[in-house]
Amino acid sequence: MFVVVPSASAAFRFGISVEGKERTCRSGIRGEGADKVDGYESVNDRGIGMIRLTAFDAEVANKVCGVLEPFLLSLAKSSKPITLRQCSQIHAKLILSQCISQTHLTNTLLNLYSKFGHFRHAHILFDHMPHRNVVTWTTLISSHLRTGSLPKAFELFNHMRETNESPNEYTFSVLLRACATPSLWEVGLQIHGLLVRSGLERDKFAGSSIVHMYFNSGNNLGDACRAFHDLLMKDLVAWNVMISGFAHVGDFIMVHRLFSEMWEVPGLKPDDSTFVSLLKCCSYLEQVKQIHGLASKFGAEADIVVGSALVDLYAKCGDVSSCRKVFDSMEEKDNFVWSSIISGYNMNDRGEEAVHFFKDMCRQRNRPDQHVLSSTLKACVELEDFNAGIQVHGQMIKTGYQNDCFVASVLLTLYASLGELVDVDKLFRRIVDKDIVAWNSMIMAHAQPGRGSGPSTKLLQELRRTTSLQIQAATLVVVLKSCENKLDLPVGRQIHSLVVKSSISHHTLIGNALVHMYSECGQVGDAFKAFIDIVRKDDGSWSSIIGTYKQNGMESEALELCKEMLADGITFTIYSLPLCISACSQLSIIQVGKQLHVFSIKSGYSRDVYVGSSIIDMYAKCGTMEESEKVFGEQVEPNEVIYNAVICGYAHHGKAQEAIDVFNKLEKNGLTPNHVTFLAVLSACSHSGYVEDTLYFITLMLNKYKIKPESEHYACLVDAFGRAGRLEEAYQIVQKDGGESAWRTLLSACRNHNNTEIGEKSAMRMIELNPSDHASYILLSNIYTGEGKWEEALKCREKMAKIDLKKDPGSSWLI
DNA sequence: ATAGGGTTAG
């Protein structure tokens, strides 16, 4: 007969004879520790020893049970997984030694089976147990709840009640813990009823579980407090449940009061869990430091959960160095800590280091979880480090988290920024439980500039039709942003009505997006109405409405609104400032422009590239190119936008050589010119009649920078050829690539060089492209006049009058 | 022998 004992030496101690040392190894699952005399631990670490009993009698069997009991217990406590084979062997020994009828031993075996997930065998043992008690039932119910099998747990619980076995405080604790979620609120209430009937309501275990349940199943603060009040014994856990409950709802005053009360209880000291809840209530750095100090005093600093909460909070308060200090001081690091440090560095604009932490963590052979992966990937997306992003994607496939909702939401954003929309769709469709944020990411991925509101609206409809998810303000903001011109106005209005009907209409972000949408669709009046409707106008709201007026040629009104904004207590931001400066340049109000320039220096915003470039542009447009050059020279780290502004300035001033010089400087500084840069330098060259240079830059653009010239770029070339009288070449280009402006340029060149033939063709084409543009009719009529063809000229003017067109009056500024 | 409280991500 075989029996399992902690070690051969332990068996000797219990008077069980052992037959041959090599026999002790026959189970194949023990290591060399069996012949050591140092007790049970060594066996748990190395495996299970096995000995052969020479004889069987009741006395020996009793001794065997005596050995088995502590052994089984130590196995149950061990963190090392126990295989099914090992469990079965123990099971066999229990049967053979007749210990199976000793319920407390069998309960422990049952615990072993179920703790390590061998549920089928656990149930076989359960079914064959001669005697069951409340522990038997509780063990099985608890392990089903641990693995998330709620129906099985409740089925067992009902079965237990049918057999007249009364649940005890242990049974109630595990069941109530499982009910601490909003969806199981009703079940929890029923169990509370049973608990009251059983008379265990005031037990510290069952009772604190009740308190916890009321907090977690829908913020029933009153019921939670009553249950806490009724407790016979308020121990540390009970206090912690209360503190964490109020911390969770953000009632920091109550947390503070509870903590002080607890402080007064003799013999009660806060522990790790208390500090974690207290940390949750911190809203600024000084508080974090205080709790940190207190936690150190009570020795809770070394706890891994306190540590990761500190890492997280220091990062959120912007104190990266303290965050790093805590992180470095932690001996043990789990996924919580890693994900906290990665997201912490990323939120403090140190994404590169965040990605480094991820690499460190992988190098140390930690297996990243979905939290770590999504934080890292977000850093990659924000850094636009797509190579790193794709590497992280590799890790996701390896770890099997590719289809996790959080992970996939960022992943599809990554592929959207790479323009891989097919992959985006694939990733999205694979997510099993799509939540609203996943939908938002998906809609955002498809709301790309130039695609209009079509794709995002289609997704919004699918979302509303196929799910019951609550639409967020962010969802509609994304759809509104995809409305980019008049064609999208009907969609924009529909979303607006959706907003009015929903509960999110008071959101400032939604209001701002509505203003922006009406602005993009050219509806200044509606934009203003939407602006008025915003309950709490922020700097974004003001920027949007000021931008609307400026965009639609109402610069004076835009500047008036600026004054109102300042009167409303909102100061300029890097968004509103360039708008106002640009309005000044449009209006040529250099005095106001100068004031804004001074403000931008004082506020430190002048370092922003958009502010800087708007100032450069403003001085250039107001005719003081020297000021413009000065501001350009003051730029600490000029980028393409800054260079573009100054090149544009030179172009406006007809200074082609200066424009070319700046362009060369840009290249020398390692920057890449974009299509705006080329437009600026090309227009400078063509305006000065530099035909060869114009051709050179068009070629450079195409060959070196692989930028496809748009019709505006070709218009410059047409202009250059036109000024030089090379009308045939100009005509060739316009025929191939010309848009409206190229035709217009060609037409006026024809007029200057008295070319009726090409001029007439150009004018016809222009009228075709835009029949409501008065300029084409006038240019054509002027050509006829120059040629002395009075009748044709008159016909042309009549045609214009017929479709009710008048020449816009000219305007000029005088200040 | 069976039990109650805490931290991270898009």
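Note on naming: letters A, B, ... go to the chains in the order of the sequence lines (proteins, then strands), and numbering restarts at 1 for each one.
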Do [X] side-chain and [N] base share a donor-acceptor contact under 3.5 Å?
{"X": "A/T139", "N": "B/dT2", "value": "no"}
{"X": "A/S339", "N": "B/dT8", "value": "yes"}
{"X": "A/S375", "N": "B/dA9", "value": "no"}
{"X": "A/S374", "N": "B/dG10", "value": "no"}
{"X": "A/D271", "N": "B/dG6", "value": "no"}
{"X": "A/S209", "N": "B/dG4", "value": "no"}
{"X": "A/N133", "N": "B/dA1", "value": "yes"}

Value in whole Å for how far the [atom2] atom of [N] lies from [atom1] of [X]:
{"X": "A/I141", "N": "B/dT2", "atom1": "CD1", "atom2": "C1'", "value": "10 Å"}
{"X": "A/F336", "N": "B/dG6", "atom1": "CZ", "atom2": "C1'", "value": "9 Å"}
{"X": "A/I341", "N": "B/dT8", "atom1": "CD1", "atom2": "P", "value": "15 Å"}
{"X": "A/D272", "N": "B/dG6", "atom1": "CG", "atom2": "P", "value": "13 Å"}
{"X": "A/L469", "N": "B/dG10", "atom1": "CG", "atom2": "C1'", "value": "15 Å"}
{"X": "A/K333", "N": "B/dT8", "atom1": "NZ", "atom2": "P", "value": "19 Å"}
{"X": "A/I243", "N": "B/dT7", "atom1": "CD1", "atom2": "P", "value": "13 Å"}
{"X": "A/L313", "N": "B/dA9", "atom1": "CG", "atom2": "P", "value": "10 Å"}

Using the six-membered ring wherever Trp is involved, compare the ring planes of A/F205 and A/Y170 and label them parallel, tilted or perpendicular (cut-offs 30° and 60°).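 Because their plane-to-plane angle is under 30°, the rings of A/F205 and A/Y170 count as parallel.
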Indicate the ring-plane relationship of A/F275 and A/F298, choosing parallel, tilted or perpendicular according to the 30° and 60° boundaries.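 The rings of A/F275 and A/F298 sit tilted, inter-plane angle from 30° to 60°.
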Any idea which of [options] is nearest the [X] side chain?
{"X": "A/T108", "options": "B/dA1, B/dA3, B/dG6", "value": "B/dA1"}
{"X": "A/D435", "options": "B/dT2, B/dG6, B/dG10", "value": "B/dG10"}
{"X": "A/S277", "options": "B/dG6, B/dG10, B/dT7", "value": "B/dG6"}
{"X": "A/S244", "options": "B/dG6, B/dG10, B/dA1", "value": "B/dG6"}
{"X": "A/D303", "options": "B/dG4, B/dG10, B/dG6", "value": "B/dG6"}
{"X": "A/V305", "options": "B/dT8, B/dG6, B/dG10", "value": "B/dG6"}
{"X": "A/H371", "options": "B/dT2, B/dG6, B/dA9", "value": "B/dA9"}
{"X": "A/A238", "options": "B/dG4, B/dT2, B/dT7", "value": "B/dG4"}
{"X": "A/V174", "options": "B/dG10, B/dA3, B/dA1", "value": "B/dA3"}
{"X": "A/T138", "options": "B/dA1, B/dT2, B/dG10", "value": "B/dT2"}

Would you indicate what [X] reaches in the nucleic acid, counting non-hydrogen atoms under 4.0 angstrom: base, sugar-phosphate, or nothing?
{"X": "A/A438", "answer": "base"}
{"X": "A/S340", "answer": "sugar-phosphate"}
{"X": "A/H212", "answer": "sugar-phosphate"}
{"X": "A/V407", "answer": "nothing"}
{"X": "A/V437", "answer": "base"}

Are A/K204 and B/dG4 close enough that a side-chain N or O sits under 4.0 Å from OP1 or OP2?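 For A/K204, the contact criterion (side-chain N or O under 4.0 Å from OP1 or OP2 of B/dG4) is not met.
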So, OP1 or OP2 of B/dT8: does either fall under 4.0 Å of a side-chain N or O from A/K280?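 No, because none of the side-chain N or O atoms of A/K280 sits under 4.0 Å from OP1 or OP2 of B/dT8.
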Residues, nucleotides or ligands: over 12 heavy atoms within 6.0 Å of A/M330 CE: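 Yes, the 6.0 Å shell around CE holds more than 12 heavy atoms from other groups.
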Answer yes or no: is there an ion pair linking A/D328 with A/R324, defined by an N-O contact shorter than 4.0 Å?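 A/R324 and A/D328: salt-bridged.
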State plainly whether the residues A/K378 and A/E382 are in salt-bridge range, i.e. N to O under 4.0 Å.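 A salt bridge links A/K378 with A/E382.
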Side chain to side chain contact (heavy atoms under 4.5 Å, CB included) for A/F386 and A/Y415? Distances and angles first, verdict last. CA-CA 9 Å; A/F386 300 125; A/Y415 283 93; over 6 Å; no
Per-pair stack call A/F406 and B/dG10, 5.5 Å, 30°: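 Base of B/dG10: stacked against A/F406.
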Is it the case that A/K434 places NZ or CZ above or below the six-membered ring of A/F428, under 6.0 angstrom from the centre and within 45 degrees of the axis?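 Yes, A/K434 and A/F428 form such a contact.
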